[in-house]
Asks: 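Handing you this structure, nothing more for now.
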Amino acid sequence: MPELAEVEYYRKEWDAGLRRTITRVAVHAEKRLFRGGDMTRLAAQMPGAKLLGSEARAKQMLFRFSRDLWLGVHLGMTGKLRAEPPDFAPGRHDHLVLFQKSCALVFTDPRMFGRVLFHEGRQPPAWWTALPPAVTAPEFTPELVRAFLQKRARLAVKAALLVQSAFPGVGNWMADEILWRAKIVPGALCGTLTKARAAALWREAREVCNGALATVAVDFSDPPDDWFYHERWSPDGHCPRDGSALRTATIGGRTTRWCPRCQR
DNA sequence: CGAGATGTTCGGCT
DNA sequence: AAGCCGAACATCTC
């Protein structure tokens, strides 16, 4: 599931273990989720460390532990975090479990498109520090969006919204929501968008991120009733504005839905 | 049974 | 030669 807001929701699941010590680690170290990291070292270093805090940015999470230990988590397509009782027995897809005295912090991911990174050091890892400013941050300006669209002039705008360096945290359903609100047809090439439409894209990207953070991220509740979201999942979806039957096509390699009447 | 799923990365082509 | 596109990754569900 995880886009921006779902990631923030799952991050908080591990708050159950805040200020508590890890007693034991269970990890499927050979899985591709852990590629590029030393999981033997993780299993050796984690016991005795305390979970001190966490943060979500875009689709990434970073958990901070005592002893200068850090855990980066990306949920991929099917990753989830949750807390279980301390006697929890990990199942086939529970690839990492941090046991504490009073609970077990579980990372599950059946498809294993996610990623877990282990880092040791006084400072957070470089890949974290280098993440671009959030869509909701003041540094995310209309000028930045415009410059990106001009650089990627031959790319469909739907595909552009999925580029994480430009729209961090935006995923497939949020991209469709943004385009519907901005009344832009997803197949439009970035280079053809006027300044006004680029501004609309900027504005709606912020609206959709803020709206999702105010609903989905809080308690996994649905976005507001008038969002495109609800219709986009239905095979028989209709435009909430004008009732037109939605169109479906693959754009930017992903299933894309839009209203053929109000998105041009 | 086949198709598709809310993500990223790589290799090949233009 | 940057940048675009499709395939691959691995598993489950409809």
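Only a predicted model underlies this, so the values are computations on that prediction, with no experimental measurement involved.
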Asks: What are the two closest non-hydrogen atoms of A:Lys31 and A:His95, and how far apart are they?
Replies: CG-ND1, 4.0 Å

Asks: Of all heavy-atom pairs between A:Pro132 and A:Gln164, which one has the smallest distance, and what is that distance?
Replies: CG-O, 3.8 Å

Asks: Nearest whole angstrom, please: distance from the P of C:dC9 to the NZ of A:Lys31.
Replies: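 In whole Å, C:dC9 P and A:Lys31 NZ are 15 Å from each other.
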
Asks: To the nearest Å, how far apart are A:Asp94 CG and C:dA10 C1'?
Replies: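 From A:Asp94 CG to C:dA10 C1': 16 Å.
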
Asks: Would A:Phe113 pass as stacked on C:dC9, i.e. its ring centre under 5.5 Å from the base's six-membered ring centre and planes under 30° apart?
Replies: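 Yes, A:Phe113 stacks on the base of C:dC9.
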
Asks: Just one of A:Arg247, A:Arg254, A:Gln263 clears the side-chain contact (heavy atoms from CB on, under 4.5 Å) bar with A:Pro186, so which one?
Replies: A:Gln263

Asks: I'd like to know whether CD of A:Gln123 has more than 12 heavy-atom contacts from other residues, nucleotides or ligands below 6.0 angstrom.
Replies: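 It does not: A:Gln123 CD has 12 such atoms or fewer within range.
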
Asks: Tell me the interatomic distance from A:Arg32, atom CZ, to B:dC10, atom P, rounded to whole angstroms.
Replies: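 Between P of B:dC10 and CZ of A:Arg32: 10 Å.
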
Asks: Short question: side chain of A:His230, backbone of A:Pro223 - any donor-acceptor pair under 3.5 Å?
Replies: yes

Asks: Using whole Å, what does the distance between atom P of nucleotide C:dT11 and atom CG of A:Leu33 come to?
Replies: 10 Å

Asks: In whole angstrom, what separates A:Met112's CE from B:dT9's P?
Replies: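 Roughly 17 Å, once rounded to whole Å.
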
Asks: Distance between the P atoms of B:dG11 and C:dA10, in whole angstroms?
Replies: 16 Å

Asks: Whole angstrom is fine here: how far is it from OH in A:Tyr10 over to P in B:dG7?
Replies: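 One finds 13 Å between P of B:dG7 and OH of A:Tyr10, rounded.
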
Asks: Between A:Leu52, A:Leu81, A:Leu69, which is the residue that forms a side-chain contact (heavy atoms from CB on, under 4.5 Å) with A:Phe63?
Replies: A:Leu81

Asks: Atom pairs under 3.5 Å, N or O on each side, protein against nucleotides 1-5 of chain B: can you list them with distances?
Replies:
| unit_1 | atom_1 | unit_2 | atom_2 | d |
| --- | --- | --- | --- | --- |
| B:dA5 | OP1 | A:Thr255 | OG1 | 2.7 |
| B:dA5 | OP2 | A:Thr255 | OG1 | 2.9 |
| B:dA5 | N3 | A:Arg111 | NH1 | 3.1 |

Asks: Quick one: is B:dT8 close enough that its OP1 or OP2 comes under 4.0 Å of any side-chain N or O from A:Lys59?
Replies: yes

Asks: Tell me the partner of C:dA10, counting only Watson-Crick (N1-N3 plus N6-O4 or O6-N4) or G-U wobble (N1-O2 and O6-N3) with both under 3.5 Å; none if nothing fits.
Replies: none

Asks: Does A:His93 make a side-chain N or O approach to OP1 or OP2 of C:dA10 shorter than 4.0 Å?
Replies: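 No, no such contact exists.
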
Asks: Indicate whether any N or O donor in one side chain lies under 3.5 Å from an N or O acceptor in the other, for A:Trp173 and A:Glu6.
Replies: yes

Asks: What string of B, S and - do you get for nucleotides 3-8 of chain C 5' to 3' if you count protein non-hydrogen atoms under 4.0 Å?
Replies: -SS---

Asks: Looking for any heavy atom pair under 4.0 Å, which part of the strands does A:Arg35 touch: base, sugar-phosphate only, or nothing?
Replies: nothing

Asks: Is the closest basic N to carboxylate O distance between A:Arg146 and A:Glu143 below 4.0 Å?
Replies: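 Result for this pair is no, no salt bridge flagged.
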
Asks: Expressed in angstrom and rounded to an integer, what is the separation of A:Asp109 atom CG from B:dT8 atom P?
Replies: 12 Å

Asks: What is the distance, rounded to the nearest whole Å, between atom CG of A:Leu162 and atom C1' of B:dT9?
Replies: 14 Å

Asks: A:Arg32 vs A:Asp109, test: salt bridge (Lys or Arg N to Asp or Glu O under 4.0 Å). Steps then yes/no.
Replies: CA-CA 11 Å; A:Arg32 58 175 269 121; A:Asp109 187 3; over 6 Å; no

